[in-house]
Amino acid sequence: MSVTSRSVAPSLLSGFVPALNNGGEGTPRIGATTLDPAKVEAFNQVLVRVCPRARPLAAGQIAAAARRLLFTDARERGAGSIERRVARIEELERMRADGGFALDDGASSRIRELVAYVENADDLIPDDTPVIGQLDDAILIDLLLRELGPELADYADYCAFRREVAEREGIAPEAVRVDCADWIAARRREIEEHRAERRGGYAPLDVATSFKIG
């Protein structure tokens with residue numbers, strides 16, 4: 001299901017650690033802390049369930065991202081980027097929980113898996129670690145946002161349609177009873193009306209006077 005499209009922002013990882021795209025070799029240490037191999041494995045198990053098309057990440061890749069955020073001038077920019085990604089989990093949850101939108105079971109399951117990981121404060125990088133505590137959460141959120149970009153764009157348009165109906169009927173949006181079928185039918189009618197207007201806007205061509213020989 002996709003009737004709209006939206007450009008996708010650059011990846012959190014590609015923005016901070018270009019080395020992530022070429023093997024990710026390097027030490028798994030972040031300052032005095034070494035990433036636990038068992039937790040890296042657990043993280044990657046969640047990663048492939050949340051984003052089946054993503055490749056597992058090596059400990060060195062994740063640690064490189066953390067070091068860059070901690071020890072370079074990207075620190076402030078990176079912390080803000082992490083916070084913005086983590087905040088968008090609410091957007092994913094609203095889409096999943098909206099019965100009118102009826103997100104497919106596969107996408108819903110992936111969002112639930114993501115939320116369960118994020119809610120665990122003692123995951124790969126403990127959440128109370130300064131600056132980078134939610135880096136692992138943000139990586140997963142970022143990847144799922146990119147994979148579900150078309151669904152999120154559709155959901156934004158569905159919500160806009162619901163607000164349009166609410167305004168037309170003079171009721172609160174949460175009181176509107178519309179579902180995906182209503183939204184898709186309305187958007188298709190709009191497309192057909194637009195096409196009809198375009199067809200009607202063309203002036204008739206008088207072939208006898210416009211085509212001359214000589």
Side-chain angles (χ1 to χ4, degrees), residues 1-15 17 20-21 24 38-59 61-62 65 81-125 127 134-165 173-174 176-191:
M1 173 184 64
S2 180
V3 297
T4 60
S5 63
R6 180 179 295 176
S7 61
V8 179
S11 163
L12 175 73
L13 294 178
S14 63
V17 189
L20 286 172
N21 295 322
K39 287 190 173 183
V40 173
E41 176 62 25
F43 171 83
N44 278 314
Q45 290 176 2
V46 174
L47 173 63
V48 297
R49 291 196 296 269
V50 170
C51 303
R53 292 185 296 176
R55 291 180 296 178
L57 296 174
Q61 292 176 290
I62 300 167
S81 185
I82 289 173
E83 290 173 2
R84 287 192 298 274
R85 258 67 176 203
V86 172
R88 290 196 67 189
I89 197 169
E90 295 180 3
E91 182 181 348
L92 290 165
E93 260 291 84
R94 282 196 302 273
M95 179 173 67
R96 184 198 65 78
D98 194 328
F101 186 63
L103 186 67
D104 70 78
D105 291 343
S108 294
S109 177
R110 292 161 68 186
I111 294 172
R112 281 194 296 268
E113 184 84 36
L114 172 66
V115 171
Y117 183 89
V118 171
E119 288 180 345
N120 178 12
D122 187 28
D123 43 28
L124 175 58
I125 304 174
D127 290 353
Q134 289 190 296
L135 174 61
D136 51 331
D137 302 336
I139 289 170
L140 292 175
I141 293 168
D142 186 56
L143 291 171
L144 188 55
L145 286 170
R146 292 168 67 80
E147 288 204 3
L148 296 185
E151 287 83 355
L152 285 165
D154 283 349
Y155 183 59
D157 190 64
Y158 168 78
C159 290
F161 167 68
R162 188 160 51 191
R163 289 192 298 271
E164 292 165 9
V165 174
E174 56 268 21
V176 174
R177 296 292 180 264
V178 294
D179 58 20
C180 267
D182 300 318
W183 161 62
I184 292 172
R187 293 310 188 221
R188 283 176 175 165
R189 283 195 300 272
E190 290 176 4
I191 292 171

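The structure presented is a predicted model; accordingly, all values stated were derived computationally and were not measured. Just so you know, these numbers use all the heavy atoms, side chains as well, and skip hydrogens, waters and symmetry mates.
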**Q** Decide salt bridge (charged side-chain N to carboxylate O under 4.0 Å, His left out) for Glu91 and Arg85; before the verdict, give the C-alpha distance in whole Å, the side-chain angles of both, and the deciding distance to 0.1 Å.
**A** CA-CA 10 Å; Glu91 182 181 348; Arg85 258 67 176 203; over 6 Å; no
**Q** Tell me if a side-chain donor or acceptor on Gln61 pairs with a main-chain N or O of Ala58 at a distance below 3.5 Å.
**A**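 A pair under 3.5 Å: yes.
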**Q** I need the Leu152 CG to Leu148 CG distance, nearest 0.5 Å.
**A**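 Going from the CG atom of Leu152 to the CG atom of Leu148 covers 6.0 Å.
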**Q** Looking at residues at least two apart in the chain, or sitting in another chain, which of them share a salt bridge (charged side-chain N to carboxylate O under 4.0 Å, His left out) with Asp182?
**A**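 So Asp182 forms no salt bridge (charged side-chain N to carboxylate O under 4.0 Å, His left out) with any residue.
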**Q** Evaluate side-chain contact (heavy atoms from CB on, under 4.5 Å) for Tyr117 paired with Leu47, printing each intermediate quantity in order.
**A** CA-CA 10 Å; Tyr117 183 89; Leu47 173 63; over 6 Å; no
**Q** If a pair satisfies salt bridge (charged side-chain N to carboxylate O under 4.0 Å, His left out) and one of its residues is in residues 38-49, list it, with sequence neighbours excluded.
**A**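 Non-adjacent pairs meeting salt bridge (charged side-chain N to carboxylate O under 4.0 Å, His left out): Lys39-Asp122, Arg49-Glu113.
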**Q** Which heavy atom of Glu147 sits nearest a heavy atom of Ala54, and at what distance?
**A**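 That would be OE2-N, 4.2 Å.
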**Q** Quick one: closest heavy-atom pair of Ile82 and Ala138, and the distance?
**A**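 Smallest interatomic distance, heavy atoms only, reads CG2-CB, 4.0 Å.
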**Q** Does Asp136 use its side chain to pair, donor to acceptor, with the backbone of Asp123 at less than 3.5 Å?
**A**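 Answer holds: no.
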**Q** For the CD atom of Gln134 and the CG atom of Asp127, what is their distance to the nearest 0.5 Å?
**A**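 The CD atom of Gln134 sits 5.0 Å away from the CG atom of Asp127.
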**Q** Give, for atom CG of Leu143 and atom CD1 of Ile139, the distance between the pair rounded to the nearest 0.5 Å.
**A**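 The CG atom of Leu143 sits 7.5 Å away from the CD1 atom of Ile139.
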**Q** Looking only at non-hydrogen atoms, find the nearest pair between Cys180 and Tyr158 and report the distance.
**A**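 Closest heavy-atom pair between Cys180 and Tyr158: N-CE1, 4.2 Å.
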**Q** Report the distance from atom CD1 of Ile125 to atom CD1 of Ile62, rounding to the nearest 0.5 Å.
**A**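 Answer for the CD1-CD1 pair, Ile125 versus Ile62, is 7.0 Å.
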**Q** Between Asp98 and Arg94, is there a donor-acceptor pair closer than 3.5 Å when you use the side chain of the first and the backbone of the second?
**A**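 No: the side chain of Asp98 does not pair with the backbone of Arg94.
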**Q** Roughly how far, to the nearest 0.5 Å, is CG of Leu92 from OH of Tyr155?
**A**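 Tyr155 OH to Leu92 CG: 11.0 Å, rounded to 0.5 Å.
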**Q** Give me the atom names and distance for the closest heavy-atom approach of Asp157 to Trp183.
**A**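 Looks like OD2-NE1, 2.8 Å.
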**Q** To the nearest 0.5 Å, what is the distance between CG (Asp104) and CZ (Arg110)?
**A**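 Between atom CG of Asp104 and atom CZ of Arg110 there are 8.5 Å.
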**Q** Search all heavy atoms of Phe43 against all heavy atoms of Leu140 and return the closest pair with its distance.
**A**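 Scanning both residues completely, I find the closest heavy atoms to be CE1-CG, 3.7 Å.
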**Q** Just to verify, what does Ser108 make a side chain to side chain contact (heavy atoms under 4.5 Å, CB included) with, not counting sequence neighbours?
**A**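 Only Arg96, Leu103, Arg112 meet the side chain to side chain contact (heavy atoms under 4.5 Å, CB included) criterion with Ser108.
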